[in-house]
There are 2 protein chains.
Amino acid sequence: MTKKNSVPTVREIASHCGVSNATVSRVLNGNYSNGFSVREEVRQLITQIADELGYRPNLAAKNLVQRKTKIIGILGYNMVFGWPSNIYQVTTEAAVRYLQDHEYDICSTAPNFLRDDTELPPWRVDGIIVLQECSSRTIEQMEKIRLPYVVINGLAGAMGSTVVLDDIEATGHAIEYLLNLGHRRIAYAGPTPEHRKHMSIRDRHDTYLSELKKHGLPRISGHDKIFLSTQDFLETAVLEEHATAILAYDHIIAMKILHDAPASNIQIPEQVSLMCFNDEYLCDIVKPGLTTIGAPSRDMGKLAAEILLTQIKLPAEERCRQQIELHQHLIIRSSTAKPFRTSGSSVPNDLNRRFSGYDEDVLLDTSKNIKS
Amino acid sequence: MTKKNSVPTVREIASHCGVSNATVSRVLNGNYSNGFSVREEVRQLITQIADELGYRPNLAAKNLVQRKTKIIGILGYNMVFGWPSNIYQVTTEAAVRYLQDHEYDICSTAPNFLRDDTELPPWRVDGIIVLQECSSRTIEQMEKIRLPYVVINGLAGAMGSTVVLDDIEATGHAIEYLLNLGHRRIAYAGPTPEHRKHMSIRDRHDTYLSELKKHGLPRISGHDKIFLSTQDFLETAVLEEHATAILAYDHIIAMKILHDAPASNIQIPEQVSLMCFNDEYLCDIVKPGLTTIGAPSRDMGKLAAEILLTQIKLPAEERCRQQIELHQHLIIRSSTAKPFRTSGSSVPNDLNRRFSGYDEDVLLDTSKNIKS
DNA sequence: CAATATTAAGTAAACGTTTACTTTAATATA
DNA sequence: TATATTAAAGTAAACGTTTACTTAATATTG
């Protein structure tokens, strides 16, 4: 009603209603501890006036006295900045939903390299969720001020919890699946461990090699070079070395192969089967649908949020890091099939499943993704 | 050094250094007003101890006394939540860069419908940038507390500034370009004005109609239906009504057409030219490269940030909304060509430019995008 | 009706900074 | 030597909430 052009405060509401600011605060927060009570009419007046004035509590003041913010920061590989394709969208969504259900707000901010080389938000947060990675300086800072944090699919410092994917197991399953289909010449397309740091790069590549060794199968050239040109890769791996299946590090590489294979006169899956990690939304609408190894994205997000809130509730000295590893699962589509000597003969789609030795429903069951 | 497990405060640093908290505050902020000064050794000691303790000022306390946060909130069509393809990435980046250069931090948050139906962050911000749109409740709130805000490519309330694109002009240019190429049967593929609310939907569609009328050209069926199936659209617009050019509402629709045209045995641009709005990064790597109408994304972001900071600096009563409209520009690639009766004959790529009557360099000059 | 319990609040300190104002000691000036 | 100036700080209030503690009025009980 009144035309004050400043933001309304608790004290203003109080004077409007002829009560003290303490009363307003308690009413608005529903805090009836310490034997507090109000008459119903006063309670209604306060909420009404607060609404009329458009009152929003000054979180700064609130934080100051309560020494917590009810805000969780989200860092790393999220969407605020420059990541072209975000594989953590579903994960983030699940985490945020869980946090909001538990009365936490979330925030993310662009790293400000002019202010400081941290990625931490300038205001206090009660905890942090890191998507894949953040700078080591940021890790140091969180450790120093004992800020609870959980890293999703990445590495943490001494007191940080993690929720990671078991890529070694998943690669094993992928190879096993291809073996069961009858493949004996399996190629790998992806970055080599030297070239970037995320652990999935090493895990997937090295497990590819060790699985081949275990089964006495030959390595196919191309796994030892970074994947740059589809044509080069197909030339050596498929045309020269006669690979019958390709395991790709991620969906981006698989998409490239899928898109460029026709230009080299290579049919997928008739001539060569193709499968990859990261079950992103494109994988199922593309033709042929890509067989993938999918991560339990939603579980990752929810678990990370759960762990974080548990840590926050604990007194600082009782906190101890949690490290959870999650299973991934095969999603069988039509880009993989039994190998055929007679190239060009097309395979009925459902042959895949009939002979694969896998029951898709079992593999898609994510009800128990957490490793014991 | 000391093993306190709480976050360090100004007062702690002060007692470590044997000085008062005021001295610490002034040194750390470089605030030498009111004739303040320190001995060099004390100054160094303070900064050193602050660094050792990992001191970060409590922004809540700071905000409280300074009554500003130096934080700008980013709302709307950004990347924190569920938008599959974000056309404002470059815009956001430009805005953030400008804001950071001027000592502002930025933040974005997921709308929390459990707390309140605002999209405003829970903590105070000094200003808001809205990407395309936010809820009307949010607009109301910003107006009520007189929070400065700028809407990019969307509508604002009574005191909100806007930076928008002139879609009417741009559509006119697009049609003119196609006319100059020799096209007389031009189709339009996109949503119809009834179906969603963003002004570009109406502006592009209605200008398409009025331009056709102005030049006495026939409408092609399809403009009056929401674009759903590429096959249906091509069937009527191209095969039945012999359109020689298609103007698509956005790059998503254009991509679909480009991708599905071969299945209907339609060649682009030999049989039909294709162009669209939104010059997203896919448009230039696809084959044939898409002729587009591009927005000055970077300018939009920077301008919005500039306007916002200007408003913030002004005392509340002197603020007055700014409304800026920006030109868009043609980016000519190879999906458009002169119409050919003899379908199937391929067109040398550079013919486009030679006969288009447009000088690409001039059209790409964004140095003066602001309409006078 | 007095003592006690309950209802309905009010009071004031605290959170961590910033900053206008004040103080002290040393040095410069008259 | 007395006074003025300056360097180098210190003091305390204020920002808007929350909350432990207190108080006054009313209701209940014996």
Side-chain angles (χ1 to χ4, degrees), chain A residues 4 6-47 50 53-71 103 122-126 145, chain B residues 4 6-47 49-50 53-71 122-126 145:
Chain A
K4 291 234 3 176
S6 67
V7 290
T9 72
V10 142
R11 240 180 282 265
E12 273 177 57
I13 298 176
S15 71
H16 270 257
C17 300
V19 298
S20 76
N21 50 340
T23 304
V24 173
S25 171
R26 295 176 122 127
V27 164
L28 260 25
N29 291 302
N31 175 359
Y32 291 77
S33 65
N34 289 89
F36 172 77
S37 63
V38 263
R39 296 202 316 277
E40 178 57 19
E41 53 188 288
V42 174
R43 198 193 61 73
Q44 283 190 6
L45 181 62
I46 288 172
T47 52
L53 294 176
Y55 173 75
R56 301 185 72 214
N58 182 326
L59 214 73
K62 192 168 186 152
N63 296 170
L64 204 51
V65 55
Q66 296 194 147
R67 325 193 60 174
K68 63 186 176 187
T69 59
K70 289 277 183 180
I71 296 173
E103 306 205 290
W123 51 88
R124 290 276 151 86
V125 290
D126 290 347
I145 62 175
Chain B
K4 292 236 355 176
S6 68
V7 289
T9 71
V10 143
R11 239 179 283 265
E12 273 177 58
I13 298 176
S15 71
H16 270 259
C17 300
V19 297
S20 75
N21 51 342
T23 304
V24 173
S25 170
R26 295 176 120 125
V27 164
L28 259 26
N29 291 302
N31 175 359
Y32 291 77
S33 64
N34 289 86
F36 173 77
S37 62
V38 263
R39 296 203 317 277
E40 179 56 18
E41 54 188 290
V42 174
R43 199 192 60 73
Q44 284 190 4
L45 181 63
I46 289 172
T47 52
I49 296 286
L53 295 176
Y55 173 76
R56 301 184 73 214
N58 182 326
L59 213 73
K62 192 168 184 152
N63 296 170
L64 205 51
V65 55
Q66 293 192 332
R67 326 194 60 174
K68 61 185 176 185
T69 60
K70 289 276 182 181
I71 296 173
W123 52 88
R124 290 277 151 85
V125 291
D126 290 347
I145 63 176

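Here is the naming used below: chain letters follow the sequence lines, and residue numbers restart at 1 for every chain. Because only heavy atoms are used, hydrogens play no part in the values below, and waters and symmetry mates are left out as well, while side chains stay in.
- One interatomic measurement links the two molecules: CG of L53(A) to P of dG16(D), which rounds to 15 Å at whole-angstrom precision.
- No side-chain heavy atom of V38(A) sits under 4.5 Å from any side-chain heavy atom of V19(A).
- For R11(B), counting side-chain heavy atoms from C-beta on, the closest listed nucleotide (dT17(C), dA12(C), dT17(D)) is dT17(C).
- At the heavy-atom level, Y32(B) lies nowhere under 4.0 Å from the strands shown.
- The side chain of N21(B) places no N or O atom within less than 4.0 Å of a non-bridging phosphate oxygen (OP1 or OP2) of dT17(C).
- Taking 4.0 angstrom as the limit, N29(A) places a side-chain polar atom (N or O) nearer than this to OP1 or OP2 of dT18(D).
- Summarising the geometry, the separation between CH2 on W123(B) and P on dT17(D) is reported as 17 Å, rounded to the nearest angstrom.
- K62(B) places its NZ atom 21 Å from the P atom of dT17(D), with the value rounded to the nearest Å.
- Listed nucleotides dT19(D), dC21(C), dT17(D) differ in distance to V10(A); the shortest reach to its side chain belongs to dT17(D).
- Contact detail for T69(A) and R124(A): the closest heavy-atom pair is CG2-O, 3.1 Å.
- The nearest whole Å value for the distance from the NZ atom in K68(A) to the P atom in dT17(D) is 17 Å.
- Between Y55(A) and dG16(D) there is no side-chain N or O to OP1 or OP2 distance below 4.0 Å.
- Rounded to whole Å, the distance from CG on L45(B) to C1' on dA8(D) is 15 Å.
- The phosphate of dT18(D) (OP1 or OP2) has a side-chain N or O of S25(A) nearer than 4.0 angstrom.
- For the OP1/OP2 pair of dA20(C) and a distance below 4.0 Å, the side-chain nitrogens and oxygens of N34(B) include at least one atom meeting the criterion.
- The T9(A) side chain lies nearest to dT17(D) when the options are dT17(D), dG10(D), dT18(C).
- Between N31(B) and L64(A), the residue anchored closer to the 5' end of DNA chain C is L64(A), taking for each the nucleotide with the nearest heavy atom.
- If you check distances only, the side chain of R124(A) never reaches the base of dG16(C) with a donor-acceptor pair under 3.5 Å.
- S37(B) has no side-chain polar atom (N or O) that falls below the 4.0 Å cut-off from OP1 or OP2 of dA7(D).
- In this structure, K70(A) atom NZ and dT17(D) atom C1' are separated by 16 Å, rounded to whole Å.
- In this structure, the side chains of L64(A) and N58(B) come closer than 4.5 Å at one or more pairs of heavy atoms.
- The side chain of R67(A) contributes an N or O atom lying less than 4.0 Å from OP1 or OP2 of dG16(C).
- Of the two residues near DNA chain D, E40(B) and A61(B), the one whose nearest nucleotide lies more 5' is E40(B).
- A sub-4.0 Å separation between OP1 or OP2 of dT19(D) and a side-chain N or O of Q66(A) is present.
- With a 4.5 Å cut-off on side-chain heavy atoms, N63(B) and W123(A) do not count as touching.
- One interatomic measurement links the two molecules: CD of E12(A) to C1' of dG16(D), which rounds to 11 Å at whole-angstrom precision.
- Within the 4.5 Å cutoff, the side chain of C17(B) has no heavy atoms near those of the V24(B) side chain.
- Across all strands, T23(B) comes closer than 4.0 Å only to sugar-phosphate atoms, never to a base (heavy-atom distances).
- Checking the phosphate oxygens (OP1, OP2) of dA9(C), a side-chain nitrogen or oxygen of R39(A) falls inside 4.0 Å.
- The heavy-atom pair separating I145(B) from G54(A) by the smallest distance is CG2-O, 4.3 Å.
- Listed candidates were dA9(D), dG10(D), dA20(D). Nearest to the side chain of S20(B) is dG10(D).
- Atom CG of N58(B) and atom P of dT18(C) are 10 Å apart (whole Å).
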